[in-house]
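The next block holds one structure in the form of structure tokens; read it before the comments.
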Amino acid sequence: MDVMGDKATLYETGRFVQASYREETGDEAEGIADEAAEELRQRLAAEAGDVEAMSVLGAMLLRRGDLDGAEPHLRAATAAGDRAAANNLGVLLHQRGYADEAAGWWRIAAVAGSAAAAHALGRHHRERGDEPAAEYWLRQSAEQGHPLGAYALADLLEHRGDAAGAERWMRAAAERGHREAAYRLARALDRRAAQGTEDEGAPLVDEAEQWYRQAAARGHRRAALHLGAILERRGELKEAGRWYLTSAKDGEPRAACALGFLLRDAGDTENAAVWWLRAAQDGDGNAANALGALHAGRGETQTAERWYRAAMDAGDDNGAYNLGLLCAEQGRTQQAEQWYRRAAYAGHREAANALAILLLRAGDRTGAEPWFSKAAEAGSVDAAFNLGILHAGRGEEEAALRWYERAAAAGHCEAALQVGMARLRDGDEGEAERFLRCAAGGGSAEAAYRLATVLDARRPPEPAHELGEPVNRRSECEEWYERAASQGHRRAQVRVGMLAAARGDVVEAARWYRAAAEAGSRNGAFNLGLLLAREGSEPEAAVWWTRAADAGHGRAALRLALVYARRGELAEGQRWADRAAAMGPEAVAERAARLRDALRQELSA
């Protein structure tokens with residue numbers, strides 16, 4: 001039988017509920033002397049026939065481990081009807097291995113009203129599988145306010161599936177200072193909060209925090225870990241770090257690992273590595289992975305590999321996945337595949353996705369698809385998107401759309417873009433806009449541009465000012481064009497330039513046209529040329545038109561033909577006119593053909 005409580009609860013004498021003299025003075029020798037004097041006093045009283053002294057003396061000797069010395073005093077006090085002595089005699093006999101005889105004395109003490117004995121007797125019956133008897137005696141103990149009895153009863157009811165009863169008695173034990181009960185009550189509240197709605201969960205989380213705090217203050221290291229996690233999620237990093245440190249110093253490897261991540265995020269990688277090392281040496285796979293990533297980032301691949309293997313040995317499948325990533329970065333494709341497979345077979349969804357990509361790049365589409373499916377079914381958003389690409393590549397548009405929609409629902413912005421474009425093709429502009437907004441909000445430049453074009457198409461004409469001047473207001477579509485343009489989207493940059501030019505802002509228009517042109521946009525180069533030509537910089541304009549024409553822009557080639565014709569360079573003009581006629585579009589081709597023929601006649605004249 002485990003020791004069941006503090007001195008007063010276990011021995012029920014009431015005379016041991018105080019700080020020891022040694023704790024008050026710090027003088028160990030005086031403390032020992034005081035205890036010896038107290039023992040002598042109780043011994044003299046016991047020899048004089050004081051039953052209570054017999055009970056107290058027996059308890060003192062039992063606590064010290066002197067079972068032979070304690071037993072006669074406890075038996076004598078028990079025979080005289082002292083229930084505390086009967087309880088402690090049961091404890092002594094249980095320690096000697098006489099469980100049934102111990103239970104007999106506990107029963108006597110429990111019937112006499114001893115809550116501690118009722119608790120011990122309930123524990124005895126539960127260990128033997130007699131749950132009805134266990135519940136009866138544990139309930140007797142709990143209803144008398146015994147915290148250990150309440151905790152043991154809660155544990156029994158929880159084992160039976162009586163969640164309400166378990167929570168009631170766990171709460172009773174926690175309220176009486178039982179730290180494990182406070183921790184388990186907090187965990188139960190946490191689980192209920194996770195299953196409920198946000199409005200239902202918030203009060204439960206707050207209550208759980210208070211119980212974690214109570215248990216942590218009493219030295220419960222796992223409670224300190226969970227309290228730190230709550231505070232970290234709330235952004236109270238300083239206090240979170242203090243609780244992680246408390247838990248880590250008490251030997252909780254997960255707290256040491258979490259403390260390492262806090263320190264890393266604060267820029268203190270050296271101290272982060274110290275705590276990760278401590279956690280990893282205690283078998284924390286996450287900490288071993290963190291050390292592996294740290295060394296990999298420094299280019300120390302051998303050390304990184306050692307820590308990834310340590311993570312794997314600790315049962316963390318991320319270790320195998322990270323080994324696969326490390327090998328893939330080094331071009332060791334065969335080894336990467338092996339590690340990805342190991343992690344994927346263990347259920348690691350991102351490893352399954354990475355393995356599928358590796359097989360796809362090697363041309364093994366048949367082998368890749370099952371792994372994409374396995375990863376997607378396990379919740380990998382990237383795998384769902386990749387399955388969409390795979391089906392689209394085979395022309396299976398409906399299947400592709402289903403996977404795109406699944407990935408989009410999980411927040412994949414490129415998948416949302418694909419769904420939005422599919423809805424546009426189907427003519428469902430409302431749904432298209434919804435998906436495009438999701439993708440654009442997630443950072444997709446293409447989605448921002450497509451959304452802007454949808455909004456632009458339905459934008460009413462700008463109202464005229466009373467004096468006939470245009471009224472320029474920034475519309476939502478312009479904001480999306482600008483967002484896409486700022487992300488480097490070339491067509492959006494051209495469009496923003498055109499809008500700026502329409503407002504008369506030549507400098508802004510030139511800036512966006514130049515950005516698009518330098519990124520390879522032939523329309524940007526052509527428009528920049530037009531802008532420069534209007535500003536009187538035709539030589540520079542010709543440079544940009546040349547770039548646009550070389551990229552296949554027919555209008556730019558026609559402009560160059562006209563420039564060279566005006567300069568009198570008829571042969572060069574004819575060459576560009578010939579190219580413009582070949583490039584088109586139709587209206588440009590017709591004009592270029594007429595100009596080419598005129599230049600040919602002039603040259604042959």
Side-chain angles (χ1 to χ4, degrees), residues 421 424-425 445-446 449-450 452-454 456-457 459 461-462 470 477-478 481-482 484-485 488-605:
M421 290 170 64
L424 277 179
R425 288 193 296 270
E446 180 66 25
Y449 172 73
R450 299 261 180 183
T453 59
V454 168
D456 204 0
R459 183 171 58 161
E462 289 288 351
C477 74
E478 288 182 75
Y481 278 135
E482 287 186 10
H489 194 286
R490 294 182 303 181
R491 284 177 293 169
Q493 290 170 336
V494 173
R495 184 62 181 150
V496 172
M498 291 170 67
L499 292 168
R503 291 195 302 269
D505 190 344
V506 176
V507 174
E508 184 72 0
R511 181 171 76 87
W512 286 113
Y513 286 151
R514 191 179 298 276
E518 288 176 348
S521 168
R522 61 187 188 181
N523 285 330
F526 174 69
N527 286 359
L528 180 58
L530 289 177
L531 204 64
L532 291 167
R534 289 191 197 112
E535 295 298 311
S537 301
E538 191 174 84
E540 189 181 353
V543 171
W544 289 106
W545 283 333
T546 302
R547 182 180 290 194
D550 286 342
H553 199 288
R555 291 188 185 88
L558 180 58
R559 287 279 175 173
L560 285 169
L562 291 168
V563 167
Y564 284 112
R566 282 197 300 272
R567 290 179 185 174
E569 300 178 28
L570 304 184
E572 189 66 10
Q574 182 184 347
R575 185 175 73 83
W576 282 111
D578 197 38
R579 289 186 63 182
M583 291 175 192
E586 187 176 346
V588 170
E590 289 176 1
R591 290 181 60 195
R594 289 197 298 272
L595 178 60
R596 179 192 58 199
D597 293 343
L599 291 173
R600 185 178 296 144
Q601 288 176 5
E602 187 70 23
L603 283 168
S604 61

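Position 1 is the first residue of the sequence; numbering continues from there. Here the structure is a predicted model, which is why all the values come from computation and not from measurement.
Met498 places a side-chain heavy atom less than 4.5 Å from the side chain of Asn527. Under the 4.5 Å side-chain criterion, counting only non-hydrogen atoms from C-beta, Trp545 is in contact with Phe526. Side-chain contact between Tyr481 and Asp456: present, with at least one pair of heavy atoms (C-beta onward) separated by less than 4.5 Å. Residues Arg503 and Leu499 are in side-chain contact: their nearest non-hydrogen atoms beyond the backbone lie under 4.5 Å apart. No side-chain heavy atom of Leu599 sits less than 4.5 Å from a side-chain heavy atom of Arg575. The shortest distance between side-chain heavy atoms of Arg559 and Leu530 falls below 4.5 Å.
Trp576 contributes no side-chain N or O that, together with a main-chain N or O of Leu558, makes up a donor-acceptor pair within less than 3.5 Å. A donor-acceptor pair under 3.5 Å links the side-chain atoms of Arg490 to the main chain of Gly520, judged by distance alone. Here the side chain of Arg579 pairs no donor or acceptor atom with the backbone of Ala557 at under 3.5 angstrom.
Rounding to the nearest 0.5 Å gives a distance of 14.0 Å between CG of Leu595 and OH of Tyr564. Taking CD from Glu572 and CD from Gln574, the interatomic distance works out to 10.5 Å, rounded to the nearest 0.5 Å. With rounding to the nearest 0.5 Å, the separation of CZ in Arg567 from CG in Leu562 is 12.0 Å.
Environment of CZ in Arg555: sparse, with no more than 12 heavy atoms of neighbouring residues, nucleotides or ligands closer than 6.0 Å. Atom CZ of Arg591 has 12 or fewer heavy atoms from other residues, nucleotides or ligands within 6.0 Å.
Looking at every heavy atom in both residues, Gly497 comes nearest to Ala509 through O-CB, 3.3 Å. Scanning both residues, Ala580 and Val588, for their nearest heavy atoms gives O-CG1, 4.2 Å. Taking each heavy atom of Ala581 and Ala592 in turn, the nearest pair found is N-CB, 3.5 Å. In terms of heavy atoms, Ala485 sits closest to Ala492 at N-CB, 3.6 Å. Closest non-hydrogen pair, Arg547 versus Glu518, comes out as NH1-CA, 3.8 Å. In this structure, Gly529 and Ala541 approach most closely via the heavy-atom pair O-CB, 3.1 Å.
Using a 4.0 Å cut-off between a side-chain N of Lys or Arg and a carboxylate O of Asp or Glu, Glu446 and Arg491 qualify as a salt bridge. Using a 4.0 Å cut-off between a side-chain N of Lys or Arg and a carboxylate O of Asp or Glu, Asp597 and Arg600 qualify as a salt bridge.
Qualifying side chain to side chain donor-acceptor pair (under 3.5 Å) partners for Trp512, counting only residues two or more places apart in sequence or in other chains: Glu508.
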